Amino acid sequence: MGSSTSSLYSALAKTVSRPALPHPCDSTYNPGNDLDLNQDPADPLELLRECREVLRNRPAQLQRAFVQTGHGDSRQTIRVMQWNVLAQALGEGMDNFVQCPMDALNWAERKYLILQEILTYRPDIICLQEVDHYFDMFQPVLASLGYQSSFCPKPWSPCLDVENNNGPDGCALFFNHKRFQSLNTTHLRLSAMMLKTNQVAIVAALRCRTTERAFCVAVTHLKARSGWEVLRSAQGSDLLRNLRTVAQRIETKEKTDTDIPLIVCGDFNAEPSEDVYRNFATSNLGLDSAYKHLSTDGKTEPPYTTWKIRPSGESCHTLDYVWYSHRAFDVNAVLDFPTAEQIGPNRLPSYNYPSDHLSLVCDFSFKDPVLVSQ
């Protein structure tokens, strides 16, 4: 369905074919080394047109709208995307989406569906999970658009058990270098009960070039499946401890007596009823969940962020979140979810949506510094 060639990939051939980058968890790895700061970024609208041309024989993209919350200064909006993109090796080799035809998952076209989703919303910060094509797709393409990035793979990625895999999957974090200056990047291997686990996180300290205000953004992917609730809770507690440590380090470096605000994105693999959710909601870091703004009472999460059909049956859950420091940020808008009718009876992934998880996109703005310090 559709052509698998495009000038987008022709133009990036020299980037993709260069020598391998240093190991991403090496302490000497600098995620900014791969971005030519003097190069004019590619035109995102032109790349979006190329994606749509490749996908012209597939069903139309899911139509979603932003819900305005009526808060904050829209002139200084920071748009953040959270998305589990579905590792290619897992989608084709392990996840058993029984209602999704295999040709809907072929990488030659699915990569354009992923890029289309990103280019449609053009976030300033992108937090992704299950990335197993970082070096040959995500990094070079998004670098061409002016994104600086970092990638942290899982140490025992299940992708490596799939024949003809493209390497381990992991978390990736991208930010628009024209909008933000990188202050520090920390890669974490999350612990539980004093033992290192297979789950990771990235914490990036950034300075907004417009407001000169510093903040931290984090991306993570906690342990999946039922029966692992205690482990997820411990991983979340470890992440909260590390976020506190990183934030305090930046506060010392910045010589500020106010808390460094946080945005924490992730596939937590946990419903709001789990301890890990409650621990984030009640943490002394002052975090709140942005997507509660979609609910009429402002207290309820969406009914689903992932919807799939496997041999065991239909699975419809809320597992993905965007947490933020509510004392420092306003939520200006959030991207609504498609309805069950729009998604279709075969659920996700599909010919017109590349992942079993829906992207979460939020517009934030800094609150007045005087109000924050009170």
Side-chain angles (χ1 to χ4, degrees), residues 1 51-52 55-69 80-87 90-92 94-106 109-110 112-121 123 127-130 221 224-226 265-274 277 289-322 331 333-363:
M1 300 180 72
C51 289
R52 287 174 174 167
L55 300 168
R56 65 187 182 278
N57 292 329
R58 289 198 176 212
Q61 183 180 14
L62 293 177
Q63 295 302 301
R64 304 169 64 183
F66 280 95
V67 176
Q68 305 297 318
T69 64
V80 178
M81 171 180 276
Q82 148 59 31
W83 195 17
N84 179 331
V85 295
L86 175 62
L90 301 183
E92 286 189 306
M94 296 182 73
D95 276 343
N96 295 318
F97 301 118
V98 294
Q99 296 295 103
C100 179
M102 283 302 294
D103 67 326
L105 296 173
N106 77 80
E109 291 179 351
R110 196 173 82 88
Y112 290 95
L113 279 174
I114 294 171
L115 289 173
Q116 176 181 248
E117 184 79 356
I118 294 170
L119 291 164
T120 295
Y121 304 113
C127 295
L128 305 180
Q129 301 85 36
E130 288 198 25
H221 187 187
R225 295 187 172 81
S226 61
C265 300
D267 174 358
F268 280 60
N269 276 307
E271 293 274 10
S273 57
E274 281 198 29
Y277 180 94
S289 174
Y291 260 77
K292 291 194 298 185
H293 284 275
L294 277 183
S295 65
T296 54
D297 62 4
K299 300 177 182 179
T300 310
E301 293 290 349
Y304 51 83
T305 63
T306 178
W307 202 339
K308 68 204 87 176
I309 301 175
R310 285 180 167 146
S312 57
E314 195 157 353
S315 174
C316 179
H317 297 289
T318 299
L319 306 178
D320 308 88
Y321 306 97
V322 179
V331 180
V334 293
L335 184 66
D336 206 350
F337 291 108
T339 64
E341 290 73 25
Q342 288 175 298
I343 291 171
N346 294 334
R347 307 314 183 196
L348 305 172
S350 64
Y351 280 118
N352 63 338
Y353 201 80
S355 176
D356 54 323
H357 289 251
L358 293 157
S359 65
L360 281 61
V361 184
C362 307
D363 287 348

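The model shown is predicted, which means the values in this text are computed figures rather than measured ones.
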For His221 and Asn84, what are the C-alpha separation, side-chain angles and deciding distance, and is it a side chain to side chain contact (heavy atoms under 4.5 Å, CB included)?
CA-CA 8 Å; His221 187 187; Asn84 179 331; 3.8 Å; yes
Candidate pair Tyr353 and Ser359, rule side chain to side chain contact (heavy atoms under 4.5 Å, CB included), full reasoning
CA-CA 10 Å; Tyr353 201 80; Ser359 65; 3.8 Å; yes
Residue pairs, two or more places apart or on separate chains, that pass salt bridge (Lys or Arg N to Asp or Glu O under 4.0 Å) and touch residues 348-360
Lys308-Asp356
Residue pairs, two or more places apart or on separate chains, that pass salt bridge (Lys or Arg N to Asp or Glu O under 4.0 Å) and touch residues 341-355
Glu314-Arg347
Nearest 0.5 Å, please: how far is [atom2] in [Y] from [atom1] in [X]?
{"X": "Leu86", "Y": "His357", "atom1": "CG", "atom2": "NE2", "answer": "8.0 Å"}
{"X": "Phe268", "Y": "Asp320", "atom1": "CZ", "atom2": "CG", "answer": "9.5 Å"}
{"X": "Lys292", "Y": "Asp297", "atom1": "NZ", "atom2": "CG", "answer": "9.0 Å"}
{"X": "Tyr304", "Y": "Leu358", "atom1": "OH", "atom2": "CG", "answer": "7.5 Å"}
{"X": "Cys127", "Y": "Trp83", "atom1": "SG", "atom2": "CH2", "answer": "13.5 Å"}
{"X": "Leu105", "Y": "Ser350", "atom1": "CG", "atom2": "OG", "answer": "9.5 Å"}

Could you please spell out the steps behind the side chain to side chain contact (heavy atoms under 4.5 Å, CB included) verdict for Asp336 and Leu294?
CA-CA 7 Å; Asp336 206 350; Leu294 277 183; 3.7 Å; yes
So, Arg64 versus Thr120: side-chain donor-acceptor pair below 3.5 Å or not?
no
Indicate the atoms forming the closest heavy-atom contact of [X] with [Y], along with that distance.
{"X": "Pro338", "Y": "Leu62", "value": "CG-CD1, 4.0 Å"}
{"X": "Asn106", "Y": "Arg58", "value": "ND2-NH2, 3.5 Å"}
{"X": "Ser289", "Y": "Glu301", "value": "OG-OE2, 2.6 Å"}
{"X": "Arg110", "Y": "Pro354", "value": "NH1-O, 2.6 Å"}
{"X": "Lys299", "Y": "Ser295", "value": "N-OG, 3.3 Å"}
{"X": "Val322", "Y": "Cys265", "value": "CG1-SG, 4.0 Å"}

Examine distances only and state if a side-chain atom of [X] and a backbone atom of [Y] form a donor-acceptor pair shorter than 3.5 Å.
{"X": "Gln63", "Y": "Gln61", "answer": "yes"}
{"X": "Glu117", "Y": "Ile114", "answer": "no"}
{"X": "Tyr291", "Y": "Leu335", "answer": "yes"}
{"X": "Thr306", "Y": "His317", "answer": "no"}
{"X": "Glu130", "Y": "Val85", "answer": "no"}

Identify, with sequence neighbours excluded, every residue that meets side-chain contact (heavy atoms from CB on, under 4.5 Å) alongside Asn96.
Pro311
Who are the ring-ring contact (aromatic ring centres under 6.0 Å, His included) partners of Tyr277, not counting sequence neighbours?
Tyr321, Trp323
Restricting to salt bridge (Lys or Arg N to Asp or Glu O under 4.0 Å), what partner residues turn up for Asp267, sequence neighbours left out?
none
Using salt bridge (Lys or Arg N to Asp or Glu O under 4.0 Å) as the criterion, list what pairs up with Arg52, not counting sequence neighbours.
none
Please tell me if the side chains of Pro101 and Tyr351 come closer than 4.5 Å, counting only heavy atoms from C-beta onward.
yes
With a 4.5 Å cut-off on side-chain heavy atoms, are Pro123 and Ile118 touching?
yes
